[in-house]
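What follows is one structure encoded as structure tokens, with my remarks underneath.
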Amino acid sequence: MSGTAIGSVTVTLNGSDHAIKLPLLPGTIGPSVFDIRKLYPELGVFTYDPGYGGTAACESKITYIDGDEGILLHRGYPIDQLAEKSTFLEVAHLLLNGELPNEAELAAFERDVLLHTMVHEQLRQFYNGFRRDAHPMAVICGVVGALSAFYHDSLDVNNPVHRRISAFRLIAKVPTIAAWAYKYSLGQPFMYPRNDLGYAENFLYMMNAVPAEPYHVNPVLARAMDRILILHADHEQNASTSTVRLAGSTGANPFACVAAGIASLWGPAHGGANEAVLKMLAEIGSKEAIPDFIAKVKDKNSNVRLMGFGHRVYKNYDPRAKIMERTCHEVLDELGIKDDPLLDLALELERIALHDEYFISKKLYPNVDFYSGIILKAMGIPTSMFTVLFAVARTVGWISQWKEMMEDPLQRIGRPRQLYTGHPQRDYVALDERG
Ligand code: ACO
């Protein structure tokens with residue numbers, strides 16, 4: 001672990017005179033952490049933190065979030081600057097390698113990604129095993145996991161060259177796999193990747209083109225898609241990234257780890273929220289129905305949440321949501337959609353929530369998913385693909401975090417402990433003696 005201690009806390013257990021010092025380690029910015037590793041070996045106690053809200057599970061140099069101020073930095077660069085000025089593959093290079101590429105580095109990086117956009121032809125057969133109405137997240141979870149059965153030549157996780165090739169394979173193939181999951185659900189032919197197109201452009205092409213017709217990717221929509229991918233590329237140690245790290249800590253191969261990340265992302269509390277926002281807006285139906293809906297959200301017994309609002313870390317406006325809102329207007333303008341009832345409803349819902357004491361006191365603001373669904377729907381992307389798109393973007397973050405972990409000399413298997421509150425030891429009772 002880097003950094004010299006900037007303080008310490010002395011801990012003793014009641015009734016014991018054995019004291020230990022827990023060093024306080026500084027980050028570059030953000031909260032310092034107490035290094036509690038001596039706590040259990042020396043005092044025999046664990047720390048208790050369900051949901052890990054106050055636990056730093058690793059040291060990382062990739063992404064920094066200040067949730068109170070609404071700041072998100074990748075390798076030090078603010079997300080709004082990256083979303084405005086760079087491309088998704090530039091950001092991928094930044095996350096993976098630590099620096100923005102110069103022209104030659106970017107050209108080489110793009111070439112390395114393009115080299116891997118096709119998937120093994122045999123992998124196509126996997127799709128036929130799924131029902132046509134399978135959720136595309138179920139399909140990509142299975143097919144991405146299956147990559148480890150095809151690319152044996154890059155599975156040695158201790159070999160940096162293998163790690164690099166696997167990273168390129170994942171970044172390059174996931175859009176192909178995702179687009180094919182969509183094509184399969186439509187019953188349309190799979191479109192092979194076109195390496196003369198940009199990353200987002202090619203993804204839109206593989207999703208929307210058919211072999212019988214020429215297809216031109218609208219550059220405004222391609223740019224919007226690229227920006228959506230940038231906004232979802234990485235987000236520190238969230239549930240799916242922690243899942244990837246935990247799976248990877250066992251030495252599992254990166255394809256298996258990313259498949260685990262996809263499974264974790266699927267839930268409505270995480271990546272599934274963009275899909276849930278649209279369902280919620282459809283259920284609300286009209287502006288007149290908003291007050292009743294808000295009343296339900298505030299009712300503790302209703303179990304209804306305002307989807308696309310709230311975040312474990314952000315207690316302020318999610319900086320990605322602001323860029324999403326801007327992008328949303330750009331896309332609707334480009335498509336000539338003057339009055340979008342969904343956007344109107346979302347804006348009104350946001351306005352009411354931001355002025356409501358319940359949301360103000362709990363510091364609940366729109367998160368990245370509040371607007372992304374509206375943009376994607378306007379682009380003609382079906383709701384079931386929303387979380388898949390998130391997974392395409394986040395693959396870069398997952399593999400960058402996995403690589404960082406594998407290169408960390410302190411890396412060891414992740415193995416949390418527990419506060420056991422079950423029965424103490426007792427003796428087995430024969431079946432005929434049980435009451
Ligand atoms: N609507 C209504 N109330 C909410 C919401 C919401 N969206 N989010 C949190 N709250 C309330 C909770 O009821 C709780 O109230 P209480 O203190 O009176 O019990 C309080 O705010 C704190 O909520 P927690 O669930 O403890 O917060 P946590 O950090 O565990 O949850 C989460 C964060 C899961 C994102 C939550 O805000 C949520 O469910 N939001 C809706 C789903 C969503 O949009 N998820 C996407 C997250 S971003 C992403 O993954 C890309």
Side-chain angles (χ1 to χ4, degrees), residues 62 74-75 77 82-83 85-124 140 143-144 147-148 150-157 159-180 190-209 215-217 219 221-234 253-255 258 389 391-404 406-407:
I62 300 177
H74 291 320
R75 305 281 191 185
Y77 296 104
L82 292 171
K85 297 177 181 165
S86 69
T87 63
F88 179 66
L89 284 185
E90 267 186 81
V91 173
H93 184 286
L94 176 70
L95 292 171
L96 203 56
N97 300 326
E99 292 298 339
L100 284 169
N102 62 27
E103 256 178 60
E105 286 164 343
L106 181 61
F109 188 79
E110 286 174 344
R111 197 184 49 242
D112 285 343
V113 171
L114 290 179
L115 261 178
H116 295 287
T117 50
M118 291 200 299
V119 296
H120 194 290
E121 199 58 17
Q122 193 74 17
L123 202 78
R124 286 177 67 114
I140 69 160
V143 178
V144 169
L147 288 175
S148 43
F150 286 85
Y151 299 102
H152 299 134
D153 59 340
S154 64
L155 290 187
D156 179 358
V157 296
N159 180 331
V161 178
H162 283 214
R163 290 202 293 265
R164 192 177 148 76
I165 296 171
S166 289
F168 280 121
R169 283 186 166 146
L170 276 158
I171 296 168
K173 292 182 200 304
V174 166
T176 311
I177 291 170
W180 286 9
F190 294 166
M191 299 301 289
Y192 285 100
R194 268 185 50 193
N195 290 352
D196 60 322
L197 301 177
Y199 190 87
E201 219 181 349
N202 180 45
F203 185 40
L204 285 173
Y205 164 81
M206 287 190 291
M207 274 198 294
N208 296 327
Y215 182 79
H216 172 68
V217 185
L221 300 193
R223 177 66 193 134
M225 176 59 74
D226 199 68
R227 197 176 293 155
I228 292 171
L229 296 177
I230 293 174
L231 294 179
H232 287 90
D234 191 54
N253 73 70
F255 303 111
V258 168
L389 246 136
V392 169
R394 188 54 61 84
T395 295
V396 164
W398 288 330
I399 202 66
S400 304
Q401 299 268 353
W402 173 82
K403 176 174 169 281
E404 181 182 68
M406 296 308 291
E407 288 168 0

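In what follows, residues are counted from 1 in the order of the sequence shown. These figures come from a predicted structure and were not determined experimentally.
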| So, Glu404 side chain and Gln401 main chain: donor-acceptor pair closer than 3.5 Å or not? | no
| request: Check whether any side-chain N or O of Lys403 sits under 3.5 Å from a backbone N or O of Ala167 as a donor-acceptor pair, and report yes or no. | output: no
| Should the pair Asp112-Arg169 be classified as a salt bridge under the 4.0 Å nitrogen-to-oxygen rule? | no
| message | Go through it in stages, so that I can follow the logic: the residues are Asp156 and Arg163, the test is salt bridge (Lys or Arg N to Asp or Glu O under 4.0 Å), and I'd like the CA-CA distance, side-chain angles, deciding distance and then a yes or no. | response | CA-CA 7 Å; Asp156 179 358; Arg163 290 202 293 265; over 6 Å; no
| Heavy-atom neighbours of Glu103 CD exceed 12 at 6.0 Å | no
| remark: Distance col, row Tyr151:OH vs Phe255:CZ, nearest 0.5 angstrom, shows 7.5 Å
| With distance as the sole test, does Glu110 use its side chain to make a donor-acceptor pair with the main-chain N or O of Ala107 at under 3.5 Å? | no
| said: Using 30° and 60° as the class boundaries, would you call the ring planes of Trp180 and Tyr192 parallel, tilted or perpendicular? | reply: perpendicular
| Whether Asn202 side chain and Leu197 backbone form a donor-acceptor pair below 3.5 Å | no
| So Tyr199 and Phe88, would you call those rings parallel, tilted or perpendicular, with 30° and 60° as cut-offs? | tilted
| Angle class for the Phe150/His120 ring planes (parallel below 30°, perpendicular above 60°, tilted otherwise)? | tilted
| said: Pairing donors with acceptors under 3.5 angstrom, does anything connect the side chains of Thr117 and Asn195? | reply: yes
| message | With a 3.5 Å distance limit and no angle check, can you tell me whether His93 reaches the backbone of Glu105 through a side-chain donor-acceptor pair? | response | no
| Counting only N and O atoms by type, is there a donor-acceptor contact under 3.5 Å from the side chain of Arg75 to the main-chain atoms of Leu94? | yes
